[in-house]
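Excluded from the calculations below are hydrogen atoms, water molecules and symmetry mates; all remaining heavy atoms, backbone and side chain alike, are included.
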Amino acid sequence: SFSFGQSSASALGAGTTASMTTSSLVQADPSFKEKTIPEAIQYWLEGLVKDVRSFDKLGLRVAEWDNAIRKYGDEIVGLDVDVSKVEKQHQEVDSKLSSIEQQQKELQAALDEIAAEAAKAPAA
């Protein structure tokens, strides 16, 4: 468990309270021995301001990433739709090619039959 300079046993022991006074917090950190309560509060406020600025900067970066993810997600969905259209067109082309191949086979068979009959016919 977390404590401000106290052992966990004393922090959890009978007679201790969950809340600590500001003076005990100041005493917990040796760098505050020479500081007054207002100076300690000012120090913590300055740290808080720095942390807030850092948090705001990180929040802006996360927002930028979020926007990029949304944008690129939309682009990916659009590409997926385009790919589906191309696949459908590809299937239609394959079907038409199969039909043309079948017609070519039938035409070749008819030509082969005509050529065979022409070869059997007497020369005039």
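Closest of all the heavy-atom pairs between Glu34 and Glu39 is O-OE1, 4.0 Å.
The CG atom of Leu79 sits 11.0 Å away from atom CG of Asp74, with the distance rounded to the nearest 0.5 Å. One finds the CD atom of Glu101 at 11.0 Å from the CD atom of Gln103 (value rounded to the nearest 0.5 Å). Atoms CG and NZ, on Leu45 and Lys50 in that order, are 12.5 Å from each other to the nearest 0.5 Å. Residue Ile37 holds its CD1 atom at 6.5 Å from CD1 of Ile41, rounded to the nearest 0.5 Å. Gln89 contributes atom CD, which lies 10.0 Å from atom NZ of Lys96 (distance to the nearest 0.5 angstrom). Put simply, OG on Ser99 and CG on Asp94 are 12.5 Å apart, with the number rounded to the nearest 0.5 Å.
Looking at residues two or more places apart in sequence or on another chain, you find a side-chain hydrogen bond (donor to acceptor under 3.5 Å, both in side chains) between Glu46 and Gln42.
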Just list the side-chain donor-acceptor pairs under 3.5 Å for residues 54-73, sequence neighbours left out, or say none.
from, atom 1, to, atom 2, distance (Å)
Asp66, OD2, Arg70, NH2, 2.2
Asn67, OD1, Arg70, NH1, 3.2
Asn67, ND2, Ala63, O, 3.4

